[in-house]
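Position 1 is the first residue of the sequence; numbering continues from there. Whatever order the structure lists ligands and atoms in, that order sets their numbers, starting from 1.
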Amino acid sequence: MPDLTAVKTALKAQRIETPSWAFGNTGTRFKVFAQPGVPRTPQEKVADAAQVHKFTGVAPSVAVHIPWDKVDDYGELAAFAADAGIAIGTVNANVFQDDDYKLGSVANPDPAVRRKALDHLLECVDIMDATGSRDLKLWFADGTNYPGQDDIRARQDRLAEALHTVYQRLGPDQRMLLEYKLFEPSFYTTDVPDWGTSLLHCLALGPQAAVVVDTGHHAPGTNIEFIVAILLRAGRLGGFDFNSRFYADDDLMVGAADPFQLFRILREVTAASALGPEAGIAFMLDQCHNIEPKIPAQIRSVMNVQEATAKALITDAEALATAQRSGDVLRANAALMDAYNTDVRPLLAGLREDMGLDPDPVAAYHRSGYGEKIIADRIGGTPAGWGS
Ligand code: LRH
Ligand code: MN
């Protein structure tokens, strides 16, 4: 068993970023179910995100999505967040919700549409300058629905040109994170469908560009931890969008559908000593709480990542390496399964007490009455949602 003090130190240093949009109303094409107490403004989303950090101690930043979190003064929003005890984290661009983007944004055949999309991406870097954010996260819905609809290579050229222009605009401490997704909303080609395409663009751009792995963006059966290991080895794993799924991009709570997969992913991260903030990987949640209360769901999600991380960290790496080197397949697999089958909840409860937190964050949140208060206070106004 590894030294538990080192395990606890690593867990205390863990940083998991919440997504502002998870606090708003979300759903599917069939229905977006409204919930009482949902935030109406970016400030109220920040306040809800601060609750997740208050009860877990490891979620000190909230990702924003533009224009869903559009404000007049982004410096002011960053100050508001600081007063609430958190920071504005990753800035997400949005070039997927405008009629002009029907045939794509930066890959669109029409130069005027490409210009419009590029201007938005550049505006997002301006916002990063105001909020002090390090990362610009780019996900493109761009793609085609029918063979022949557009030229696959020409679209890659257009995409590369836009990415290059944005890359040139980045400040020395800023990064561009390129997220891939197999399909949806495009159903024949997606211009950034997989890790390989994202990595090729990142390598062509330069060292401030890295790949984002959204756990819901792969074909069923994809070995995501293999992709993680490969990107870590190449020094191009920029971040994760954590969530889980049974079928497609379901955006369910991370670890809810496949906790063993989450453990295997965190094993690759911890084995590469890439867990700490100094490793520069952005661990973000990207989820939609369509039917469940949103703040407790975010707290539970952070706890699920902590549990998978703790199991990864307590893996007897020496026993594992010895068995691997000697080709002892069963002992090697057993070393990993022993860690995975270890109940780490008492360890995490103790860790929270060490951090001056309640051992049970969800129960503590419910006891705080914050949920009831926002339902009572947030009357009127337009509840936040995906605005599509
Ligand atoms: C696309 C995605 C992307 C975000 C959006 C909210 O499916 O994963 O990361 O911009 O969800
Ligand atoms: Mn995502």
Worksheet item: With a 6.0 Å cut-off on ring centres, are W139 and F96 close enough?
Response: yes
Discussion item. So which atom in R40 and which in I379 form the shortest heavy-atom distance, rounded to 0.1 Å?
Written reply: NH1-O, 3.2 Å
Worksheet, complete the sentence: In D214, the N/O/S atom nearest the Mn ion (ligand 2) carries the name OD2
Worksheet item: Any donor and acceptor pair, going by atom type alone, linking the side chain of N243 with main-chain N or O of L252 inside 3.5 Å?
Response: no
Discussion item. Going by ring-ring contact (aromatic ring centres under 6.0 Å, His included), name the pairs with one or both residues in residues 251-290, residues two or more places apart or in two chains.
Written reply: F240-F283, F260-Y340, F263-Y340
Item to complete: Could I get the full list of salt bridge (Lys or Arg N to Asp or Glu O under 4.0 Å) partners for D250, not counting sequence neighbours?
Response: none
Practice prompt. Could you please provide the protein residues found below 4.0 Å of ligand 1 on a heavy-atom basis, arranged by chain and number?
Written response: W21, H65, K137, W139, E179, K181, D214, H217, D241, D249, D286
Worksheet item: What N, O or S atom of D241 is found closest to the Mn ion (ligand 2)?
Response: OD2
Item to complete: Kindly confirm whether the Mn ion (ligand 2) is within less than 2.8 Å of some N/O/S atom in E179?
Response: yes
Practice prompt. Of all N, O or S atoms in D286, identify the one at the shortest distance from the Mn ion (ligand 2).
Written response: OD2
Discussion item. Strictly by side chain to side chain donor-acceptor pair (under 3.5 Å), give each pair with a member in residues 259-278 just once, sequence neighbours left out.
Written reply: E225-R264
Discussion item. Could you check whether R331 pairs with D338 (Lys NZ or Arg NE/NH1/NH2 to Asp/Glu carboxylate O, under 4.0 Å)?
Written reply: no
Worksheet entry | Lys/Arg N to Asp/Glu carboxylate O, E307 vs R300, below 4.0 Å | yes
